[in-house]
Amino acid sequence: MKQVILLFLIAICFSFKCHSERKDQIIIARIEYVYSLKSFIEQNVWKGFDDKKFDVPLVYYTDSICYITNPTDRFLDSYKASLIFKNNDIKIYKTCLLDSVPFHMSVSVIFGDSTADYSYKSPFMNCSSFEITKNTIPDVSSTEEWATMILHEYFHGFQFRHPKFLDYYEKNIVSVSAPQDTLTRIYKHNKWFKESVDKENDLLLSAISTGDNNEVYKSIDTFFQLRMHRRAQAKQLLNFDIKPIEGAYETMEGTARYIEYSLYGEFAVKQPDGDLIKSDTCFHSYSYFRNFKLDNAKWLYITSKTTYFYASGFNIARLLDKLGIEYKSRLFKEGGISLEQILWENTIANLQPSASNQAKPITIYKINLSQY
């Protein structure tokens, strides 16, 4: 009888170990998948994103433990962690749950007096497992959809890994205690503000879509005049200078949405990952994205369908792409320079075809924009 009980206990322990190892394998495969997408973005969308000097540790939350990829020495000094996987690019550790927050999908970085915190001026990407994410946001139905959310947030970590931008953000955004929902509340509760923002965004979309060079100039010209008037009105009526925080959040969220959008386009044509199909039943071979069309995803680019500065920032980035204006090598490296500043500095008044039949920018912007 004792032998039977012993064998039964051994079988239970073996089964538990196999289940634990299986769970580890799925999570490792998902983390490797996320890092492969970082590589894609580096090669095709944003140079430097996968550069090791901009790497941000990834904390993957399950309901009972955390997996952390490429932790800092300060983190390893703060928590007991066991290495479970490594290759040339990543090291994955297991550790205890770091907090009791039910859902994570954001970058954390601490400022102020908390110098002993492992994330003090050192960004960490925090994400919940796909299973927790799906329970929280039922519309997220596959590993690849979940991964686009992670890459959006990961790009914020990349932003904060630029010392000049981190310093600018601390001094100009954190110090004035102006969270994103400050702008959201203003947009929702002031009709004149919302109407101007929506019209500004329509002008950006017009500049993106038109093939008429004069219309491009007129749309950009009117965009800046409306924006200047709205900000002056906000300063007068609300006693609040929104320009610094609007420019910062529009740049941060617009470029993160741009990264997310780039994955949608890639997933529409990408061949499924055979190894991921075998290891993760929640990976659906990009079926969700096969018929993706931007026109049908209005939440990406229409201000009234989303947090407004996500859409306007995304559209400024797309307009800069259309006009051939380089901005990716400047953002974040030059501290607080914003998308709108770069658009203003390089505004296309007319497009002259070059010998190669490519659009050639000629800056002849005349209106008074001294406040920029």
Side-chain angles (χ1 to χ4, degrees), residues 46 48-49 51 53-57 72-75 106-126 152-187 193 197 224 227-228 230-259 307-310 312-314 316-317 320 326-346 369-372:
W46 203 291
F49 183 58
D51 191 316
K53 69 181 178 182
F54 298 125
D55 189 37
V56 176
T72 60
D73 290 340
R74 181 183 289 184
F75 180 92
S106 65
V107 166
S108 61
V109 57
I110 298 295
F111 298 98
D113 299 326
S114 304
T115 56
D117 193 287
Y118 68 83
S119 63
Y120 177 73
K121 293 188 177 182
S122 178
F124 276 65
M125 172 60 211
N126 306 283
H152 174 113
E153 297 300 334
Y154 230 130
F155 197 73
H156 291 318
F158 169 77
Q159 295 164 354
F160 286 130
R161 287 290 291 164
H162 290 76
K164 289 185 178 180
F165 181 74
L166 186 72
D167 183 62
Y168 174 85
Y169 185 84
E170 180 181 20
K171 292 178 179 177
N172 296 275
I173 308 301
V174 175
S175 64
V176 298
S177 300
Q180 291 188 6
D181 60 4
T182 301
L183 293 175
T184 303
R185 286 197 302 270
I186 293 173
Y187 176 81
F193 189 98
V197 165
F224 275 114
R227 176 162 282 206
M228 289 170 63
R230 173 174 57 83
R231 287 177 174 173
Q233 196 171 1
K235 200 168 187 177
Q236 180 181 6
L237 298 179
L238 306 176
N239 194 30
F240 183 38
D241 182 7
I242 67 170
K243 179 189 170 186
I245 66 168
E246 187 173 61
Y249 287 138
E250 188 174 62
T251 299
M252 293 174 67
E253 297 298 351
T255 52
R257 175 155 292 183
Y258 180 91
I259 295 299
T307 304
Y308 83 84
F309 45 86
Y310 284 54
S312 58
F314 173 59
I316 294 175
L320 291 169
E326 172 53 39
Y327 61 99
K328 296 174 184 176
S329 62
R330 297 185 62 189
L331 289 179
F332 318 120
K333 295 176 185 176
E334 297 182 24
I337 193 168
S338 65
L339 284 166
E340 69 170 296
Q341 281 180 274
I342 295 175
L343 178 62
W344 169 69
E345 291 174 2
N346 300 274
L369 296 174
S370 59
Q371 75 171 32
Y372 284 87

**Student:** Tell me which pairs pass salt bridge (charged side-chain N to carboxylate O under 4.0 Å, His left out) where either residue lies in residues 115-124, with sequence neighbours left out.
**Tutor:**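 Listed by first then second residue: Lys121-Glu170.
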**Student:** Residues in side chain to side chain contact (heavy atoms under 4.5 Å, CB included) with Thr251, at least two apart?
**Tutor:**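 Expected list: Leu331, Phe332, Ser338, Leu339.
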**Student:** Mind checking the CH2-CE spacing from Trp344 to Met228? Nearest 0.5 Å is all I need.
**Tutor:**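 Interatomic distance, Trp344 CH2 to Met228 CE, rounded to 0.5 Å: 10.0 Å.
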**Student:** Among all residues two or more places apart in sequence or in another chain, which pass the side chain to side chain contact (heavy atoms under 4.5 Å, CB included) test with Glu334?
**Tutor:**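 Testing Glu334 for side chain to side chain contact (heavy atoms under 4.5 Å, CB included), a comparison that skips the adjacent residues, returns Arg330, Ile337.
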**Student:** With rounding to the nearest 0.5 Å, note down the distance linking CG in Leu183 to CD in Glu250.
**Tutor:**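 Taking CG in Leu183 and CD in Glu250, the distance rounds to 9.5 Å.
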**Student:** Can you give each donor-acceptor pair under 3.5 Å made by side-chain atoms of residues 232-240, sequence neighbours left out, with the distance rounded to 0.1 Å?
**Tutor:**
none

**Student:** Hey, mind stepping through Ile259 and Phe158 against side-chain contact (heavy atoms from CB on, under 4.5 Å) and telling me if it holds?
**Tutor:** CA-CA 12 Å; Ile259 295 299; Phe158 169 77; over 6 Å; no
**Student:** Test of understanding: with salt bridge (charged side-chain N to carboxylate O under 4.0 Å, His left out), list the residues that count as partners of Glu246, not counting sequence neighbours.
**Tutor:**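 Glu246 satisfies salt bridge (charged side-chain N to carboxylate O under 4.0 Å, His left out) with Arg230, Arg231 once adjacent residues are dropped.
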**Student:** The criterion is ring pair (Phe, Tyr, Trp, His ring centres under 6.0 Å); which residues satisfy it with Tyr258, sequence neighbours excluded?
**Tutor:**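 Residues passing ring pair (Phe, Tyr, Trp, His ring centres under 6.0 Å) with Tyr258: none at all.
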**Student:** Pair Ser122, Thr72 - check side-chain contact (heavy atoms from CB on, under 4.5 Å), show working.
**Tutor:** CA-CA 9 Å; Ser122 178; Thr72 60; 4.1 Å; yes
**Student:** Under a 3.5 Å cutoff, is there a donor and acceptor pairing between the side chains of Asn126 and Ser108?
**Tutor:**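 The criterion, which ignores hydrogens and geometry beyond distance, is satisfied for Ser108 and Asn126.
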**Student:** In terms of relative ring orientation, are Tyr169 and Phe160 parallel, tilted or perpendicular, with 30° and 60° separating the classes?
**Tutor:**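 Rings of Tyr169 and Phe160: perpendicular, over 60°.
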**Student:** For Ser329, enumerate each residue passing the side-chain hydrogen bond (donor to acceptor under 3.5 Å, both in side chains) test, keeping only those at least two apart in sequence or located in another chain.
**Tutor:**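 Partners of Ser329 under the side-chain hydrogen bond (donor to acceptor under 3.5 Å, both in side chains) test: Glu326.
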**Student:** Which heavy atom in Arg74 sits nearest to a heavy atom in Ala116, and how many Å separate them?
**Tutor:**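 Residues Arg74 and Ala116, closest heavy atoms: CD-O, 4.2 Å.
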**Student:** Can you name the closest pair of heavy atoms from Ala248 and Ile173 and give their distance?
**Tutor:**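 Scanning both residues completely, I find the closest heavy atoms to be CB-CD1, 3.7 Å.
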**Student:** Has the side chain of Gln159 got a donor or acceptor atom that lies under 3.5 Å from a matching backbone atom of Phe165?
**Tutor:**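 Side chain of Gln159 to backbone of Phe165, a donor-acceptor pair under 3.5 Å: no, none is there.
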**Student:** Say you draw a straight line from CZ of Arg227 to OG of Ser312; how long is it, rounded to the nearest 0.5 Å?
**Tutor:**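 Reported value, rounded in 0.5 Å steps: 5.5 Å.
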**Student:** Go through the steps for Phe309 and Thr184 under the test side-chain contact (heavy atoms from CB on, under 4.5 Å), then give the verdict.
**Tutor:** CA-CA 9 Å; Phe309 45 86; Thr184 303; 4.1 Å; yes
**Student:** Using a 4.5 Å cut-off on heavy atoms from C-beta on, say whether the side chain of Met125 contacts that of Glu153.
**Tutor:**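 A side-chain contact exists here, since the closest heavy-atom pair is under 4.5 Å.
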**Student:** In chain order, what residues pass the ring pair (Phe, Tyr, Trp, His ring centres under 6.0 Å) check against Tyr118, with sequence neighbours excluded?
**Tutor:**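 With sequence neighbours excluded, Tyr118 shows a ring pair (Phe, Tyr, Trp, His ring centres under 6.0 Å) to Phe75, Tyr79, Phe124, given in chain and number order.
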**Student:** Return the minimal non-hydrogen interatomic distance between Val107 and Gly157, and the atom names on each side.
**Tutor:**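 That closest heavy-atom pairing would be CG2-N, 3.6 Å.
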**Student:** Asp167: which residues meet the side-chain hydrogen bond (donor to acceptor under 3.5 Å, both in side chains) condition with it, sequence neighbours left out?
**Tutor:**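 Lys171.
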**Student:** Determine, stepwise, if the pair Val109 / Ser119 fulfils side-chain contact (heavy atoms from CB on, under 4.5 Å).
**Tutor:** CA-CA 5 Å; Val109 57; Ser119 63; 5.6 Å; no
**Student:** Can you list the residues that meet the side-chain hydrogen bond (donor to acceptor under 3.5 Å, both in side chains) rule with Thr307, with sequence neighbours excluded?
**Tutor:**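 Scan of Thr307 (side-chain hydrogen bond (donor to acceptor under 3.5 Å, both in side chains), adjacent residues dropped) gives none.
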**Student:** Output all residues satisfying side chain to side chain contact (heavy atoms under 4.5 Å, CB included) with Arg161, sequence neighbours left out; order by chain, then residue number.
**Tutor:**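 With neighbours one apart ignored, the set is Phe54, Val56, Pro123.
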**Student:** Taking atom OH of Tyr327 and atom CG of Leu320, what is their separation to the nearest 0.5 Å?
**Tutor:**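 Tyr327 atom OH to Leu320 atom CG measures 6.0 Å (nearest 0.5 Å).
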**Student:** If the condition is side-chain hydrogen bond (donor to acceptor under 3.5 Å, both in side chains), which residues does Tyr168 pass it with, not counting sequence neighbours?
**Tutor:**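 With sequence neighbours excluded, Tyr168 shows a side-chain hydrogen bond (donor to acceptor under 3.5 Å, both in side chains) to no residue whatsoever.
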**Student:** Measure the acute angle between the ring planes of Tyr310 and His152, then classify it against the limits of 30° and 60° as parallel, tilted or perpendicular.
**Tutor:**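 Ring orientation of Tyr310 relative to His152: parallel.
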